[in-house]
A.B. asks: 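Handing you a structure now.
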Amino acid sequence: MTNHAFYSKTLPDPFLREDGSRVAEPSQWPEQAAYIRRLAQDCLYGQWPGKPQSLKASRVGSEIRYDGSLARLTEKVELTVNDDFMMEVEIHRPLLPRKIPAIVYNVSPAWMRVPNEDEITAAGYAIVLFNREAIAPDLEIAKATGHLEEAQSRKYPTLSCGEIMAWGWGHSLVADYLETCDWAGEMICTGHSRGGKAALCAGVMDDRFAVVAPIGSGCGGAGSARYLGTLDGSRQDPDKCETIGRMAHAFPKWMGPRYAEFGSKEMPFPVGEETYRLPLDAHMLRAACAPRAVFSSEGTEDYWCNLFGTQLCWQAAQPVFDFLGVPERNGFNARPGRHDFSAQDWRALIDFCDIVFHRERSMPQAALNKPAIDINVGDYAPWIQS
């Protein structure tokens, strides 16, 4: 699959087809998106697990509460996959006489919350949280929260992919369940940090998600592998921004077996010749989701997640969305603050979804789709000039 002679210091051309020709008309894009997905599996994630043989759902608890005229339902569901393992799903939704959009959010049990849940459900959206650690253990979080031994002892399915894709696959399992629910409308996949990487993976691989929303996802997510930087304009500083080499060193099981080939092996794990051989970058992951929508939100002080590289890839993906006639489906938000999935990130996500789904904008955000940094994108993606 991978052209081992590939080398580019600038962002690769997402319109360049496997045979060396360029995509000429929108009808050719599905084939090109499939090619990018194959590259992503080969170079980043490993192999997508696909549909499970069986999926059984069991409701284990529910509660209705009232806030004025709005009734909200919280329910807990256990999904048993292939009669092998069980994952927990928690749903918070308004009880409305119509289908409503469902935001599928991968979380660790230690952070199974949304800061402004009532605000989101009042806007007419369901929040569907699932425990990603039921699919693959997040040992770093388990260590930090004091349950490392218990996490290491669990039984997990054998998957031929990295943990990021395994967690992304969890979104698809939840989507399988939601398709059986008469209240569920459009589906959105989201996550934060490593969970943002997983949400982007889910969106690349599963076209049932109408909106793909990686938040603060950085390296291996919506941030460029080739270009690093922060709001103050500094660039190529691996002490401030995560790189492929650093991520592969610290979290060797996150990605597929080939990912480490594209990162430096020695401290401080800078961007270098290995990375320039990666035949795709984050703008192509965004593009692979088109004409579906993609949204990312970043903190201006979240240096590790590479604000510069995320904004750059948002802008570099725009020509694909323009080409397909859906310019409004490529979304970006930058807000003050550090590494978090804040209430403001959630409001910006809802505002973006309202636009994409042609709903009345319930919480307009002034910063939506406004660059945080002045970037001449053609300097980093010369094919845009052609």
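Scope of the values below: all heavy atoms of this structure, side chains included, with no hydrogens, waters or symmetry mates. Along the sequence shown, residues are numbered consecutively beginning with 1.
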A.B. asks: So is R286 actually on top of F332's ring, under 6.0 Å and inside 45° of the axis?
C.D. replies: no
A.B. asks: Just verifying a value: how many Å separate L200 CG and C289 SG, rounded to the nearest 0.5 Å?
C.D. replies: 6.0 Å
A.B. asks: Would Q344 and N333 count as having a side-chain donor-acceptor pair, cut-off 3.5 Å?
C.D. replies: yes
A.B. asks: Please round to the nearest 0.5 Å and tell me the distance separating atom CD of Q32 and atom CZ of F15.
C.D. replies: 9.0 Å
A.B. asks: Taking the side chain as C-beta and beyond, is there a heavy-atom pair between V211 and E186 under 4.5 Å?
C.D. replies: no
A.B. asks: Checking D67 against T121 for the side-chain contact (heavy atoms from CB on, under 4.5 Å) test, could you report, in this order, the C-alpha distance in whole Å, the side-chain angles of both residues, the deciding distance, and whether it holds?
C.D. replies: CA-CA 11 Å; D67 180 7; T121 54; over 6 Å; no
A.B. asks: Taking 4.0 angstrom as the limit, do R208 and E179 come out as a salt bridge?
C.D. replies: yes
A.B. asks: Under the side-chain contact (heavy atoms from CB on, under 4.5 Å) rule, what do W183 and L96 come out as? Steps first, then yes or no, please.
C.D. replies: CA-CA 8 Å; W183 57 266; L96 297 171; over 6 Å; no
A.B. asks: Does any N or O in the side chain of D206 come within less than 3.5 Å of the main-chain N or O of S172, such that one atom is a donor and the other an acceptor?
C.D. replies: no
A.B. asks: With the 4.5 Å side-chain cut-off for hydrophobic clustering, are M247 and F269 part of the same group?
C.D. replies: no
A.B. asks: State yes or no: do W383 and M284 share one hydrophobic cluster built from I, L, V, M, F, W and Y residues joined by side-chain heavy-atom distances below 4.5 Å, directly or via other members?
C.D. replies: yes
A.B. asks: Verify, without hydrogens or angle tests, whether N306 (side chain) and G309 (backbone) share a donor-acceptor contact under 3.5 angstrom.
C.D. replies: yes
A.B. asks: R93 and V128: side-chain contact (heavy atoms from CB on, under 4.5 Å), yes or no, with the steps?
C.D. replies: CA-CA 8 Å; R93 64 182 176 93; V128 185; over 6 Å; no
A.B. asks: Looking at R17 and E31, does any basic side-chain N land under 4.0 Å from a carboxylate oxygen?
C.D. replies: yes
A.B. asks: For the pair N82 (side chain) and P52 (backbone), establish whether a donor and an acceptor sit closer than 3.5 Å, ignoring hydrogens and angles.
C.D. replies: no
A.B. asks: Taking E328 for its side chain and V356 for its backbone only, find out whether a donor-acceptor pair lies under 3.5 Å.
C.D. replies: no
A.B. asks: With a 6.0 Å cut-off (strictly less than), is the heavy-atom count around NZ of K265, excluding the residue itself, greater than 12?
C.D. replies: yes
A.B. asks: Does a donor on one side chain and an acceptor on the other come within less than 3.5 Å for S362 and D354?
C.D. replies: yes
A.B. asks: Tell me whether L95 shares a hydrophobic cluster with I103, the cluster being built from Ile, Leu, Val, Met, Phe, Trp, Tyr side chains joined at under 4.5 Å.
C.D. replies: no
A.B. asks: Are the charged groups of K197 and E242 less than 4.0 angstrom apart, N to O?
C.D. replies: yes
A.B. asks: With sequence neighbours left out, what residues match A250 under side chain to side chain contact (heavy atoms under 4.5 Å, CB included)?
C.D. replies: none
A.B. asks: Quick test of your reading of the model: are E117 and R72 salt-bridged, counting only N-O distances below 4.0 Å?
C.D. replies: no
A.B. asks: NE2 of H249: more than 12 outside heavy atoms within 6.0 angstrom?
C.D. replies: no
A.B. asks: For the CZ atom of R38 and the CG atom of D42, what is their distance to the nearest 0.5 Å?
C.D. replies: 10.5 Å
A.B. asks: side-chain contact (heavy atoms from CB on, under 4.5 Å) between Y227 and D281: does it pass, once the steps are laid out?
C.D. replies: CA-CA 10 Å; Y227 295 105; D281 212 318; 5.5 Å; no
A.B. asks: Are side-chain N/O atoms of S342 and D340 paired as donor and acceptor at under 3.5 Å?
C.D. replies: no
A.B. asks: Distance only, no hydrogens: is a donor on one side chain within 3.5 Å (strictly under) of an acceptor on the other, for T74 and E63?
C.D. replies: no
A.B. asks: Check for me, please, whether Y276 and L16 land in the same ILVMFWY cluster - side-chain distances under 4.5 Å, paths through other members count.
C.D. replies: no
A.B. asks: Check D138 with R132, please: is the shortest side-chain N to carboxylate O separation under 4.0 Å?
C.D. replies: yes
A.B. asks: I want to know whether W346 and Y105 have ring centres closer than 6.0 Å.
C.D. replies: yes
A.B. asks: Please indicate whether K99 has more than 12 foreign heavy atoms, meaning atoms of other residues, nucleotides or ligands, lying under 6.0 Å from its NZ.
C.D. replies: yes
A.B. asks: Quick check: do F323 and V23 have side-chain heavy atoms less than 4.5 Å from each other?
C.D. replies: yes
A.B. asks: Could you measure the distance from the CZ atom of F85 to the CG atom of L79? Nearest 0.5 Å is fine.
C.D. replies: 9.0 Å
A.B. asks: How about Y380 and F308: are their ring centroids closer than 6.0 Å?
C.D. replies: yes
A.B. asks: Quick check: is M86 connected to V174 through a chain of hydrophobic side chains (ILVMFWY, heavy atoms under 4.5 Å apart)?
C.D. replies: no
